[in-house]
Undergrad: 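Shown below is the structure under consideration.
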There are 2 protein chains.
Amino acid sequence: MGTVGKALELLDVFTRSRPLIGLSDLARLAQLNKATCFRLVQELCDYGLLEQVGSSREYRLGPSVLRLAAQREAQVPTRDAAMPILQELANATGETAHMSLIMASVLRPLAVAYSTAYATRVTMEDTDSLPFHATSSGLAVLAFQSEAFVAAQLDKPLVKLAVRTETNPANLRDRLAHITKSGVAESAGAYETDVNSMAVPLFDAFGSCIGAVSVAAIASRQSSEQITHTRATLIQAGRKITKLWGGSVPPAIATAWQTAA
Amino acid sequence: MGTVGKALELLDVFTRSRPLIGLSDLARLAQLNKATCFRLVQELCDYGLLEQVGSSREYRLGPSVLRLAAQREAQVPTRDAAMPILQELANATGETAHMSLIMASVLRPLAVAYSTAYATRVTMEDTDSLPFHATSSGLAVLAFQSEAFVAAQLDKPLVKLAVRTETNPANLRDRLAHITKSGVAESAGAYETDVNSMAVPLFDAFGSCIGAVSVAAIASRQSSEQITHTRATLIQAGRKITKLWGGSVPPAIATAWQTAA
DNA sequence: ACCAACGGTTCAAATAATAAACCGATAAGT
DNA sequence: ACTTATCGGTTTATTATTTGAACCGTTGGT
């Protein structure tokens, strides 16, 4: 990787749970020489991707990201367009709805909507990326990627995040094959023991899957009727978002969804 | 400037009016060798700051900017927090309200709100940056910067954008001195002949001016009562936004605003 | 069939990135 | 008050990366 990539990777060190980082910490976390890190941070600050907060001299994400995002949304409405649909999905199901996009081979949550139906909910505040093998969103996306991409993901160590996390590549392949046919991914307690989730893929204008929309529910209150209802509502949301993006659902999935909903 | 800076400057070539750019064009616009440009673009794509659209192989801003912006907003609510106030300002004045932030020594519009009161309005859709000397926002911000910053800006060639654009550094300094006292910048036809605008500075937690909020009005329908009303409303909006940001208005300005409103 | 321009690649030469040591300041421990 | 450790930031020769002219295969227009 080149210098630019290293500099940009610095941005990934800043997460929701660790938004402020000092120079030395940053160098350690990024495994960079302090002087190197300093130079890179300087350049990122010059552009406004990072900024130094006046008091403690720590760094955080800068204002330029807002400008870039505003411009991206103006040309390719993604987040803003999907937000209302996501909120509707959360309201209709009484659970947490979220949308994720593939970014540089990593699946990242981009927007979350909560329901106020229950006092307990699945929170996504601290989630910076989703493992492909242990989330319904991950499986939903993976089921529509190239063989090379799938192989690369399943070759990585598959962390057992909960007792019911599937970590056998062969079994995962079976599940993916099923999802590719049905267009819906369901996972029970694979990410966290008490969380059931369900996801459908989202497609761009070329019919490529670029993300997923998902409902994450508290397992203990999931009746089979609710699951059926959630599945139908989720498919509707998936259709809407893909349509809003100017994308197109592949015919096979469109028909599979039609019978499922 | 280092390689990282060059790569990031590529992002600035993408504007609202030119959102899709091919490799050769990009190299020309950025004055880079095509091979160099290609490598940098690759790295930006790898990170997701750019993406290549499937059909014409052109590039555009990528999905990563959304993730970064979401995280920044989560920690430092800036745009989302100010948006309602901006809309209220637009409604109350019947004109276009916008907010700009200094990013890497350039003043960039970050959010715009339009009024539906009139069929004609000042549009900001295609504006990527604001000249310091020829906009009320620019002057409002400049009036509260360090002498070094002001000198750097006034040393640059001051483009005469309209017949009434002030391009004499000495005269501009006089105006800045006045704005520093009053806390309000007003400009008539300096950016476009038929546009009057008014702006107040916005401050961060350290009392540093980091941006401005402004009203841009069609000059022909500005009565003196409306100007007075706009000034009062604008000052209110400036106070609110600064407060929401956790910023603090310097005492001198606070009192100047009190007498003006 | 031709030509020009496109996106992308190659490789020697030029330039920029790197890392160890260092600096002054600040804070904690004794 | 003295030591010690760590902080953000700087300097330097060494090193590795970036650079750009030329080149390739493709595409679209004439």
Side-chain angles (χ1 to χ4, degrees), chain A residues 1-15 18-62 75 104-105 146 148 204-206 208, chain B residues 1-15 18-62 75-76 104-105 146 148-149 204-206 208:
Chain A
M1 179 187 326
T3 315
V4 178
K6 271 182 218 159
L8 295 177
E9 282 203 340
L10 279 178
L11 300 177
D12 288 333
V13 181
F14 295 83
T15 62
R18 199 201 302 117
L20 283 166
I21 313 180
L23 179 62
S24 295
D25 277 347
L26 190 56
R28 265 189 295 275
L29 290 163
Q31 307 192 59
L32 252 44
N33 180 286
K34 190 159 56 103
T36 303
C37 185
F38 176 71
R39 226 179 27 76
L40 297 179
V41 164
Q42 282 293 334
E43 298 216 60
L44 292 170
C45 282
D46 284 347
Y47 187 75
L49 279 186
L50 289 182
E51 70 178 359
Q52 193 167 27
V53 350
S55 53
S56 59
R57 297 210 277 185
E58 288 177 311
Y59 298 90
R60 71 176 172 206
L61 293 183
Q75 206 221 336
S105 300
S146 68
D204 68 9
F206 311 101
S208 305
Chain B
M1 175 187 327
T3 315
V4 177
K6 271 181 218 159
L8 295 177
E9 284 204 337
L10 278 179
L11 299 176
D12 288 334
V13 181
F14 295 84
T15 62
R18 199 201 302 117
L20 282 166
I21 314 180
L23 179 62
S24 295
D25 276 347
L26 189 55
R28 264 189 294 276
L29 290 164
Q31 306 192 59
L32 252 44
N33 180 285
K34 191 157 57 98
T36 304
C37 185
F38 177 71
R39 227 179 25 76
L40 298 179
V41 165
Q42 282 293 335
E43 298 216 61
L44 292 171
C45 281
D46 284 348
Y47 186 77
L49 279 186
L50 288 182
E51 72 178 358
Q52 193 167 27
V53 347
S55 54
S56 59
R57 298 209 275 186
E58 289 177 311
Y59 298 90
R60 71 176 172 205
L61 293 183
Q75 207 221 335
V76 192
S105 301
S146 67
F149 190 93
D204 68 9
F206 312 100
S208 305

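Order of the sequence lines sets the chain letters (A, B, ...), proteins ahead of strands, with each chain counted from 1. Every value quoted in this text rests on a predicted model; they were computed, and no experiment measured them.
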Undergrad: It should be established whether A/Tyr59 places a side-chain nitrogen or oxygen under 4.0 Å from OP1 or OP2 of nucleotide D/dG9.
TA: yes

Undergrad: Looking at A/Thr3, does any N or O in its side chain come under 4.0 Å of the phosphate oxygens OP1/OP2 on C/dA16?
TA: no

Undergrad: What's the spacing between A/Thr3 OG1 and B/Glu43 CD if we round to 0.5 Å?
TA: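 Result: 7.0 Å between the selected atoms.
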
Undergrad: Short of 4.0 Å, heavy atom to strand atom, which residues of residues 38-51 of chain B count as contacting DNA chain D?
TA: B/Arg39

Undergrad: Is the shortest side-chain N/O distance from A/Thr36 to OP1 or OP2 of C/dA17 below 4.0 Å?
TA: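 Looking at the OP1 and OP2 atoms of C/dA17, neither is under 4.0 Å from any side-chain N or O of A/Thr36.
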
Undergrad: Side chain of A/Arg57, heavy atoms from C-beta onward: which of C/dC6, C/dG8, D/dG9 has the nearest atom to it?
TA: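 Looking only at heavy atoms from C-beta outward on A/Arg57, the closest nucleotide is D/dG9.
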
Undergrad: Side chains of B/Asp46 and A/Met1: closer than 4.5 Å at any heavy-atom pair?
TA: no

Undergrad: I want to verify a distance call: between C/dT18, C/dG8, D/dT19, whose nearest atom is closest to the A/Lys6 side chain?
TA: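 Nearest to the side-chain atoms of A/Lys6, counting from C-beta on, is C/dT18.
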
Undergrad: Using the side-chain heavy atoms of B/Gln52, tell me which of these nucleotides is nearest: D/dG8, C/dC6, C/dG7.
TA: C/dG7

Undergrad: Go nucleotide by nucleotide along DNA chain D from the 5' end; which of A/Gly2 and A/Arg28 gets its closest nucleotide reached first?
TA: A/Arg28

Undergrad: Has the side chain of B/Lys34 got a donor or acceptor atom sitting under 3.5 Å from an opposite partner on the base of C/dG8?
TA: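 By the distance-only test, yes, there is a pair.
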
Undergrad: Does A/Ser24 place a side-chain N or O at less than 4.0 Å from the phosphate oxygens OP1/OP2 of D/dG8?
TA: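 Yes.
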
Undergrad: Out of the candidates B/Leu11, B/Leu10, B/Val41, only one should pair with B/Leu49 under the side-chain contact (heavy atoms from CB on, under 4.5 Å) rule; please name it.
TA: B/Leu11

Undergrad: A/Asn33 side chain: which of D/dG9, C/dA20, C/dG8 is closest?
TA: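 It is C/dA20.
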
Undergrad: Is there side-chain contact between B/Leu29 and B/Arg18, with heavy atoms separated by less than 4.5 Å?
TA: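 They are in contact (side-chain heavy atoms under 4.5 Å apart), so the answer is yes.
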
